[in-house]
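Given the structure is predicted, the values throughout are model-derived calculations rather than measurements.
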Amino acid sequence: MSWLAFRPVPRVEPGLPWDKLHHAAAFLVLTVLAGRGWPRLGPVALAALMLGAGIGIELIQGLPAIGRDADVWDVVADAVGIAAGLLVLRVWATRPVRG
């Protein structure tokens, strides 16, 4: 993930047609993985941690040495992915246990 976020010369990746969808999809997956990996972490703390990571990525991308642009709309897309990830975790937690 760090390589994708910080490589100096981005090119258009195949797959999703819009950069913001990449952000939302990545943070949905990362939020679900973090939520499953740290199950005692509450949703507010998890959301804050993930949003902090998204903001941190944008701040680093804004550094001249990286050669990328920081974009507040990327953070908004990250937040949408985080919200979707929290929803997935909530549904996962409320589903009946099969035995």
Side-chain angles (χ1 to χ4, degrees):
M1 160 111 171
S2 294
W3 179 78
L4 291 172
F6 304 132
R7 63 188 171 159
V9 183
R11 64 177 177 72
V12 176
E13 296 291 332
L16 298 174
W18 191 37
D19 174 59
K20 303 311 178 241
L21 289 177
H22 285 241
H23 281 266
F27 274 83
L28 184 154
V29 171
L30 290 170
T31 300
V32 169
L33 290 174
R36 297 293 291 163
W38 296 300
R40 292 184 184 179
L41 196 60
V44 173
L46 178 59
L49 177 71
M50 298 307 299
L51 192 57
I55 291 168
I57 287 170
E58 291 305 313
L59 290 174
I60 292 171
Q61 285 181 348
L63 295 173
I66 299 297
R68 305 264 308 252
D69 293 324
D71 185 359
V72 69
W73 292 108
D74 287 347
V75 176
V76 172
D78 297 345
V80 169
I82 293 165
L86 291 173
L87 181 63
V88 168
L89 289 168
R90 173 68 122 185
V91 169
W92 197 323
T94 60
R95 69 186 179 136
V97 177
R98 295 183 187 187

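- Nearest heavy atoms, K20 versus A77: O-CB, 3.5 Å.
- Linking ILVMFWY residues whenever their side-chain heavy atoms come closer than 4.5 Å, directly or via other members, places L51 and L41 in the same cluster.
- A pairwise comparison of heavy atoms in V75 and G54 identifies CG2-O, 4.3 Å as the closest pair.
- In this structure, the side chain of E58 engages the main chain of D71 through a donor-acceptor pair within 3.5 Å.
- Put simply, OG1 on T94 and CG on L89 are 10.5 Å apart, with the number rounded to the nearest 0.5 Å.
- A chain of hydrophobic side-chain contacts below 4.5 Å, direct or via other Ile, Leu, Val, Met, Phe, Trp or Tyr residues, connects W38 to I82.
- Scanning all heavy atoms of the two residues, the minimum distance from M50 to F27 falls at O-CE2, 3.4 Å.
- Here the CG-CG distance, from L33 to L28, works out to 9.5 Å after rounding to the nearest 0.5 Å.
- To the nearest 0.5 Å, atom CG of residue D69 and atom CD of residue Q61 are 8.5 Å apart.
- With rounding to the nearest 0.5 Å, the separation of CD1 in I66 from CG in L59 is 12.0 Å.
- Nearest heavy atom pair, residue L46 against residue A34, reads CD1-CB, 3.6 Å.
- Atoms CD1 and CG, from I57 and D78 in turn, are 6.5 Å apart once rounded to the nearest 0.5 Å.
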